[in-house]
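Below, chain A is the first sequence line, B the second, and so on; all start at residue 1. Because only heavy atoms are used, hydrogens play no part in the values below, and waters and symmetry mates are left out as well, while side chains stay in.
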Amino acid sequence: MLEHIKKISSLEYRIETDAAIGMNVPVRVFANDDLLKKMINDRTIEQAVNVAMLPGVQKNVVVLPDGHQGYGFPVGGVAAMDYYEGIISPGSVGYDINCGVRLVRTNLTEAQVRPRLEALVAELFATIPAGMSKKEGCIDLSSSELDEVLVRGVPWLADHNYATKDDIRMCEEGGHMEGADPHAVSDVARRRAMPQLGSIGSGNHFLEIQKVDKIYDLEAAKLMGLEEGLVTILIHCGSRGFGHQICKDYLVVCEHSHQKYGIELPDRQLACVPNLSEEGESYKKAMRAAMNYSWCNRQAITHWTRRSFELVFGKSESDLDMKLVYDIAHNSAKVETHRIEGRERKVTVHRKGATRAFPAGSAEIPEKYRRIGQPTFIPGSMGSASWVLLGMSSSLELTFGSTVHGAGRLMSRTAAHKAYNYKQVVEDLQQKGIHLRSTTRYDVVEEAPQVYKDVDIVAEISHRLGIATKVARLVPIGVMKG
DNA sequence: ATGTTC
């Protein structure tokens, strides 16, 4: 493998198409030497080469600087499949369908929040459900209401006073994916969805009170309502047990359909079906239902976050100017048109651990941001920074209009427990002035800042590649974990 | 990520 990796520049590597092993296209890896080494040490590069063998894959497979090994398809990977002749692959979207990040701004300063930080985190912790399999405190949905959430997304929540019109505008896709159909969703998935709407979950998911540490793009930051010293809230979570169950259900469907469609794969985890097959259409209907569920999940959490701030600071949401800056997801498959070998081609872009990062002028960007580019977010992990970036034109040429979604894991969960303990991690955070509350001790160790790569370097590489440029660096002051 | 290994 190693001898096939060719260095193109200080930030790019390439593996040429090897037809003998079944590759259809090359692999482009955007990383520095250090990040590449880590991708070789786990199965990241090997998995990207496997993806390059999938039917209908176009142009090249992309590995982003935060790439690491995933289920079949690398996290931090992008692959575009021909809409007509290509496949759709649940494992290439990921188990946590439409997992994503949203940023809420406030007009509070760090100095105003610090004295009430513990009370604020306690109030958020008491109000917003978090942790594995949490059921209490979520939005109580009847079966028909669940259908509304799955079909309509955030606009349904707006009808029930959980979202403003502005929230809808500032959410990717307006918080609503066309083509969702609850009939494509199993009863098991429905049962998991009903009691979980409005919950953070566990693992690397969190809600964070932050301050804006540094601004890099004054004009963009101003438009987003971000100024150095102001307090923001970052919410990172996904579609909970619902998306997980849908992925699981359709991986089985795909495996059972391989013979029927004559699909042979280098890795069973890349189970897939033709995009326009009956099974492919069903998966997309269910996946889009999970996308709507995921946006609603983050919206419900936003609603309760605003209520908690109102209670603790004795001011209204509008007095605190708690506007949604933007919401963007990083696990999805979307139909897009990209210029490939000199012509426009309709493709299904699988982004797993990768966000859209469309340049200024794109119709998919809310009108407010259209002249500057698509806002994207990199969530950090507890002690580390998070980043606000802005999609740029190089993204269309290099990464199918995509950029990074996180720092990427450095060590396994098991390795984290061997290297660190809970007390030590919490003390480290306290020293940095970060107040933490969590439902379990396990996640705190497994998600310690030290177990991730350096998020600042990942943001810097995105910036230097010109796929998404730096707008603001955010640092945590209060963290709520699952 | 995840009713933390159907």
Separation of atom NE2 in A:H236 from atom C1' in B:dT2, rounded to whole Å: 14 Å
Between B:dT4 (P) and A:Y71 (OH): distance, integer Å: 17 Å
Nearest-nucleotide comparison on DNA chain B, the residue closer to the 5′ end among A:D443 and A:E447: A:E447
Between B:dT2 (P) and A:D96 (CG): distance, integer Å: 6 Å
Distance below 4.0 Å between A:R413 side-chain N/O and B:dT4 OP1 or OP2: no
Separation of B:dC6 P from A:Y95 OH (nearest whole Å): 11 Å
Sugar-phosphate, base or nothing in reach of A:V188, heavy atoms under 4.0 Å: base
Axial cation check for A:F400 ring with A:K59, 6.0 Å and 45° limits: yes
Donor-acceptor pair between A:K284 and A:S282 side chains, under 3.5 angstrom: no
A:S202 side-chain N/O to B:dT2 phosphate OP1/OP2 under 4.0 Å: yes
Partner of A:V231 under side chain to side chain contact (heavy atoms under 4.5 Å, CB included), chosen from A:L474, A:V212, A:I209: A:I209
Protein-nucleotide distance (A:E255, atom CD; B:dC6, atom C1'), rounded to Å: 15 Å
Whole angstrom value for the distance that separates P of B:dT2 from CD of A:E446: 12 Å
Touch class at under 4.0 angstrom, heavy-atom based, for A:G238 against every strand present: nothing
Protein-nucleotide distance (A:K248, atom NZ; B:dT5, atom P), rounded to Å: 11 Å
Euclidean distance, atom NE2 of residue A:H244 to atom P of B:dC6 [Å, nearest integer]: 9 Å
Cation-pi check, A:R409 onto A:Y452 ring (under 6.0 Å, within 45° of axis): yes
